[in-house]
K.L.:
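Have a look at the structure that comes next, please.
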Amino acid sequence: MSKQYITEKFEEVFGQAPDVVSKSPGRINIIGEHTDYNDGFVLPAAIDKYSYVAIGHRNDDEIHLFSQLFNEKLSFKLSEIEALENSWANYILGVVYHIQKNGHQLKGFNMLIDGDVPLGAGVSSSASLESAVAVALDKIFNLGLSKWDMTKIAQTAEHTFAGVKCGIMDQFASVFSKENKVAKLDCRSLEFEYFPLELGDYTLLLLNTNVKHSLASSAYNERREACEKAVEIISKDFPDVKSLRDVNSLMLREYLYSDYPELYVKASYVHDENQRVEEVCKALEKGDLATAGLFLYASHEGLSEHYEVSCEELDFLVDEVRQYPEVLGARMMGGGFGGCTLNLVKKSFVPELIAKLKPAYEAKFNLELTPIEVVPSEGGHVL
């Protein structure tokens, strides 16, 4: 999608040229799954799939929104913004609402949105849209928002208008990412540092299962509760333990192993996954993709067997690719029970891998397998 394409669409809908066009990317997480709500570490990178926003001034206090995907136009008064029921507009309205709530003055505008971030694939299409909207509004109204301002406004919009209590990783990745780099984010302090993601002859391939099992939200809440319970038990003797980030393997063994075996398994997964983030960063600094790949497989094993958030379709895809030396590593990505696997694959082998996996997966599950090749890309910006 080009700036020219978005500009022409905007002119067709609103009869004027846009003043600003912005784009913001979806994201993948290389490793560090279910660590965010435990104050741990994550390792996201933006991908070359974007939400696009074109915006132009109006002479009144109304906002007129048009979604290319839904072919729908909606309008609102700036002073009367509230969440709608199940509407694509909530991702925009939430950002507008919270920018105003933070004391910034907005005036009327026309906005068109479009994009090529796959929906429902676990690559944060919603965060990319919120970020693109924040970038566009900041530019057209000279708001002077910092990257952290935009990240936090986008996250709050997701919490309040979309009703999803997400961590900060998705919006952070959409705003802060850099080309050919991953960002190791400390979810407690929000400090971060970049590491090289020089892939050479390799590429990142997402395989979308096109499935979302209904277990996802209830299991997510159960896992959070298990983690909190483990912390509660250990912190009685160690008041400095505020989250699983603060525990070590000795504490886990002493306090949970015998009396709370189920909590022990779940908490140990989180502890080990934080270590894996550190190890992958070291491997990437050395350009050692083979070692990084082994940690991806180890992460999947933990997510599937210990944290129990995988599903048959995800496990099938990871198990199948293990037989090919051209695949250095693979794991399920995201909350679990569906979505994508992330695969580190030799570029030249991608067509052959898809040709082998697609018919096998589709025959077994009667579902389409959608491959998405992605490139680590730049965070949200004005075009």
Side-chain angles (χ1 to χ4, degrees), residues 26-38 40 42-44 47 86 117-128 158-159 162-167 169-170 173 187 204-230 244 262-263 265-270 272-273 276 296-322 329-343 357-358 360-372 374:
R27 65 99 191 100
I28 54 174
N29 185 26
I30 303 294
I31 199 161
E33 217 62 83
H34 289 276
T35 48
D36 56 348
Y37 53 84
N38 289 297
V42 290
L43 198 63
I47 57 173
N86 294 331
V117 184
L119 303 180
V123 290
S124 299
S125 54
S126 57
S128 78
E158 183 102 22
H159 287 184
V164 178
K165 296 277 186 257
C166 58
M169 174 177 73
D170 297 351
C187 293
L204 293 167
L205 176 70
L206 303 179
L207 294 171
N208 189 358
T209 60
N210 287 304
V211 72
K212 193 78 191 153
H213 292 289
S214 56
L215 275 167
S217 53
S218 59
Y220 176 84
N221 292 335
E222 284 162 17
R223 298 304 176 277
R224 280 195 85 139
E225 283 161 21
C227 294
E228 285 159 13
K229 182 77 182 147
L244 286 181
E262 183 58 25
L263 293 184
V265 172
K266 298 290 179 284
S268 295
Y269 160 76
V270 174
D272 295 348
E273 184 77 347
R276 285 189 280 267
L296 296 190
Y297 279 134
S299 173
H300 184 79
E301 209 169 293
L303 286 158
S304 178
E305 293 173 21
H306 304 140
Y307 216 62
E308 297 180 275
V309 289
S310 188
C311 60
E312 201 185 347
E313 294 88 350
L314 291 166
D315 288 344
F316 173 82
L317 291 174
V318 173
D319 290 342
E320 283 294 297
V321 300
R322 280 179 188 273
R331 71 177 193 88
M332 60 152 273
M333 189 182 76
F337 304 104
C340 292
T341 61
L342 172 71
N343 302 264
L357 284 180
K358 205 170 160 57
Y361 178 84
E362 291 173 2
K364 185 169 173 65
F365 297 107
N366 201 22
L367 285 164
E368 195 185 347
L369 182 68
T370 313
I372 309 164
V374 295

K.L.:
Working to the nearest 0.5 Å, report the span between SG of Cys311 and CG of Leu303.
P.N.:
11.5 Å
K.L.:
With a 3.5 Å distance limit and no angle check, can you tell me whether Asn208 reaches the backbone of Asn210 through a side-chain donor-acceptor pair?
P.N.:
yes
K.L.:
At their closest point, which heavy atom of Cys227 faces which heavy atom of Tyr37, and how far apart are they?
P.N.:
SG-CE1, 4.3 Å
K.L.:
Would you check if the side chain of Asn29 reaches a backbone N or O of Leu43 as a donor-acceptor pair within less than 3.5 Å?
P.N.:
yes
K.L.:
Should the pair Tyr220 and His34 be assigned to parallel (<30°), tilted (30 to 60°) or perpendicular (>60°) ring geometry?
P.N.:
tilted
K.L.:
Quick one: CG on Leu207 to OG1 on Thr341, what's the gap to the nearest 0.5 Å?
P.N.:
4.0 Å
K.L.:
In sequence, state the C-alpha distance, the side-chain angles, and the governing distance for Phe365 and Phe316, and then conclude on ring-ring contact (aromatic ring centres under 6.0 Å, His included).
P.N.:
CA-CA 10 Å; Phe365 297 107; Phe316 173 82; 5.5 Å; yes
K.L.:
If every non-hydrogen atom of Arg27 is compared with every non-hydrogen atom of Pro44, which pair is closest and at what distance?
P.N.:
CD-CB, 4.4 Å
K.L.:
Assess whether a salt bridge exists between Lys358 and Glu362, defined as any Lys/Arg side-chain N lying under 4.0 Å from an Asp/Glu carboxylate O.
P.N.:
yes
K.L.:
Does Leu206 form a side-chain contact (heavy atoms from CB on, under 4.5 Å) with Leu342? I'd like the steps, not just the answer.
P.N.:
CA-CA 5 Å; Leu206 303 179; Leu342 172 71; 3.6 Å; yes
K.L.:
Is a side-chain N or O of Tyr361 found less than 3.5 angstrom from the main chain of Thr209, in a donor-acceptor match?
P.N.:
yes
K.L.:
Which heavy atom in Ala219 sits nearest to a heavy atom in Phe337, and how many Å separate them?
P.N.:
CB-CE1, 3.4 Å
K.L.:
Is a donor on one side and an acceptor on the other found under 3.5 Å between the side chain of Ser128 and the backbone of Ser125?
P.N.:
yes
K.L.:
Working to the nearest 0.5 Å, report the span between CD of Glu158 and CG of Asp170.
P.N.:
7.5 Å
K.L.:
So which atom in Leu263 and which in Ala230 form the shortest heavy-atom distance, rounded to 0.1 Å?
P.N.:
CD1-N, 4.2 Å
K.L.:
Just do the side-chain contact (heavy atoms from CB on, under 4.5 Å) check on Arg322 and Asp319 with the steps written out, would you?
P.N.:
CA-CA 5 Å; Arg322 280 179 188 273; Asp319 290 342; 4.1 Å; yes
K.L.:
Within this structure, what is the CD1-CD1 distance for the pair Ile47 and Ile372, rounded to the nearest 0.5 Å?
P.N.:
7.0 Å
K.L.:
Using modelled atom types only, decide if a donor and an acceptor are shared between the side chain of Thr35 and the backbone of Gly32 within a distance under 3.5 Å.
P.N.:
yes
K.L.:
Charged N to carboxylate O below 4.0 Å: is that the case for Glu33 and Arg331?
P.N.:
yes
K.L.:
Once rounded to the nearest 0.5 Å, what's the spacing between atom CG of Leu314 and atom CE of Met333?
P.N.:
10.5 Å
K.L.:
Quick one, Leu204 and Ile30 - any side-chain contact, counting heavy atoms below 4.5 Å?
P.N.:
yes
K.L.:
Do Lys364 and Glu313 meet the salt-bridge criterion of a basic N to acidic O distance under 4.0 Å?
P.N.:
no
K.L.:
Which heavy atom in Met332 sits nearest to a heavy atom in Val309, and how many Å separate them?
P.N.:
SD-O, 3.9 Å
K.L.:
Test Asp315 against His300 for side-chain hydrogen bond (donor to acceptor under 3.5 Å, both in side chains), laying out the working first.
P.N.:
CA-CA 8 Å; Asp315 288 344; His300 184 79; 2.8 Å; yes
K.L.:
I'd like to know if the side chain of Lys266 reaches the main chain of His306, judged simply by a donor and an acceptor atom lying under 3.5 Å from each other, with no hydrogens or angles considered.
P.N.:
yes
K.L.:
How far does OH of Tyr269 sit from OG of Ser299, to the nearest 0.5 angstrom?
P.N.:
4.5 Å
